[in-house]
Amino acid sequence: MTEVSDAYGFFRGRMVLDRDGDKIGRIDDVYEDKQTGRPEWALVNTGLFGTKKTFVPLQDAAPVGEDVRVPLEKGHVKDAPSIEADGELSENEERRLYTHYGVAYDADGDHDTNGGDVSGPTTDDAMTRSEEDLRVGTERREAGRVRLRKYVVTEEEQRTVPVRREEVRVEREPIDEGNVDQALDGPEISEEEHEVVLHEERPVVDKEVVPKERVRLSTEEHTDQETISETLRKERIETDGDARS
């Protein structure tokens with residue numbers, strides 16, 4: 001049976017890393033074995049925003065700088081039995097935890113992560129062989145963020161516009177019966193000036209803001225196939241000694 005201990009306060013607040021260095025969560029409390037006085041379990045804040053508390057075994061845990069690394073996989077810890085953190089673990093609760101983490105449970109405080117024979121002289125004459133099964137799942141996590149940002153750029157745009165202009169053309173016409181009266185109207189010899197106003201067109205530029213499109217962000221899911229590999233332990237049973245038929 002284990003209970004919360006104040007003797008290992010230096011553990012509190014430290015980050016627990018799995019065997020690959022991934023963060024599992026921060027230690028909230030440490031439970032020590034009543035008989036041996038050794039730190040047995042770390043109560044770790046896991047889950048989204050640390051809202052879940054999970055018991056993680058401290059056996060074979062090792063310091064890594066200011067953090068603590070345990071020889072477990074993060075997903076294995078995530079699937080640990082949900083046990084209320086009420087300051088003490090009962091034998092039944094410890095047994096459930098050790099079974100999940102693949103550790104042989106011993107009520108006298110001796111636990112072996114290499115497994116052990118759960119049968120004995122007080123049970124029957126059969127030996128239990130166990131294997132680790134691979135359980136694969138998925139977890140949803142933030143992969144990145146995308147935002148829309150609008151900014152202004154300038155571009156040069158060319159347009160060809162037809163423009164008209166007036167030019168002076170001198171027209172000469174001979175005197176004939178049709179214009180002789182106009183030609184002789186006035187003094188015979190004089191000085192005169194005639195003025196003609198010329199016009200031309202020039203390009204005029206005006207701008208107006210015109211809405212072109214609406215842009216928004218949306219998400220869509222794509223499914224990819226990823227292959228993972230994991231090392232599983234399996235027990236083998238063989239005979240030792242003289243076996244004669």
Side-chain angles (χ1 to χ4, degrees), residues 12-28 44-54 64-70 72-79 134-230:
R12 293 188 178 92
R14 292 178 182 263
M15 177 62 68
V16 178
L17 309 178
D18 75 351
R19 63 188 180 190
D20 298 320
D22 292 334
K23 294 180 180 180
I24 296 176
R26 293 194 179 275
I27 297 177
D28 187 59
V44 180
N45 292 319
T46 59
L48 187 62
F49 306 119
T51 55
K52 180 183 177 184
K53 295 183 183 294
T54 305
V64 181
E66 295 296 321
D67 302 326
V68 178
R69 175 176 289 176
V70 293
L72 300 167
E73 196 268 333
K74 182 178 180 180
H76 196 186
V77 175
K78 179 182 176 182
D79 295 334
L134 185 62
R135 292 186 293 178
V136 179
T138 60
E139 65 175 356
R140 189 178 183 88
R141 63 183 180 88
E142 183 176 304
R145 296 191 178 190
V146 180
R147 61 175 58 88
L148 283 178
R149 182 169 61 90
K150 184 170 69 172
Y151 58 95
V152 178
V153 298
T154 58
E155 296 179 351
E156 292 293 333
E157 187 171 322
Q158 293 183 347
R159 298 283 181 90
T160 300
V161 181
V163 293
R164 295 177 299 177
R165 61 186 176 86
E166 295 177 341
E167 294 181 351
V168 172
R169 184 176 63 187
V170 178
E171 297 181 355
R172 299 177 185 272
E173 59 182 18
I175 304 297
D176 56 21
E177 293 180 356
N179 60 16
V180 66
D181 293 339
Q182 294 176 341
L184 298 177
D185 184 17
E188 294 181 357
I189 300 296
S190 66
E191 293 182 358
E192 297 183 30
E193 288 185 1
H194 279 205
E195 184 178 275
V196 175
V197 178
L198 300 177
H199 298 85
E200 69 177 5
E201 293 180 337
R202 292 183 178 179
V204 177
V205 176
D206 189 18
K207 301 178 184 179
E208 64 173 332
V209 178
V210 180
K212 294 294 186 179
E213 62 180 355
R214 298 277 291 166
V215 181
R216 64 172 55 87
L217 289 175
S218 62
T219 61
E220 58 182 13
E221 289 190 355
H222 294 271
T223 301
D224 298 325
Q225 299 293 330
E226 289 192 12
T227 301
I228 63 172
S229 60
E230 186 62 60

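The model shown is predicted, which means the values in this text are computed figures rather than measured ones.
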Between R135 and D79, which heavy-atom pair has the shortest distance, and what is it?
NH2-CB, 4.1 Å

Check whether any side-chain N or O of E142 sits under 3.5 Å from a backbone N or O of G144 as a donor-acceptor pair, and report yes or no.
no

For a quick test of reading the model, state the closest non-hydrogen atom pair linking I24 to T46 and the distance between them.
O-CG2, 3.5 Å

I'd like to know if D28 pairs up with K53 as an ion pair, taking the criterion as any Lys NZ or Arg NE/NH1/NH2 lying under 4.0 Å from an Asp or Glu carboxylate oxygen.
yes

How many angstroms lie between atom CG of L148 and atom CG of L217, to the nearest 0.5 angstrom?
3.5 Å

Using side chain to side chain contact (heavy atoms under 4.5 Å, CB included) as the criterion, list what pairs up with N179, not counting sequence neighbours.
E173, I175, D176, Q182

Please give me the minimum heavy-atom distance between V77 and T54, naming the atom from each residue.
O-CG2, 3.5 Å

Begin from the C-alpha positions of V16 and D67 and carry the test side chain to side chain contact (heavy atoms under 4.5 Å, CB included) through to its verdict.
CA-CA 6 Å; V16 178; D67 302 326; over 6 Å; no

Using a 3.5 Å distance criterion without hydrogens, assess whether the side chain of K74 forms a donor-acceptor pair with backbone atoms of L17.
no

Taking all non-hydrogen atoms of both residues, which atom of E66 and which atom of R14 are closest, and how far apart?
O-NH1, 3.2 Å

Check the pair E155 / E157 against side chain to side chain contact (heavy atoms under 4.5 Å, CB included), numbers first and verdict last.
CA-CA 6 Å; E155 296 179 351; E157 187 171 322; 5.9 Å; no

To the nearest 0.5 Å, how far apart are NE2 in H222 and OG1 in T219?
9.5 Å

Selection residues 196-215 - residue pairs positive for salt bridge (charged side-chain N to carboxylate O under 4.0 Å, His left out), sequence neighbours left out:
R164-E201, E200-R202

With R169 via side-chain hydrogen bond (donor to acceptor under 3.5 Å, both in side chains) - residues at least two apart:
E171

Enter the distance from R19:CZ to H76:NE2 here, rounded to the nearest 0.5 Å.
9.5 Å

Measure across E167 and L198 and return the closest heavy-atom pair with its distance rounded to 0.1 Å.
C-CD2, 4.2 Å

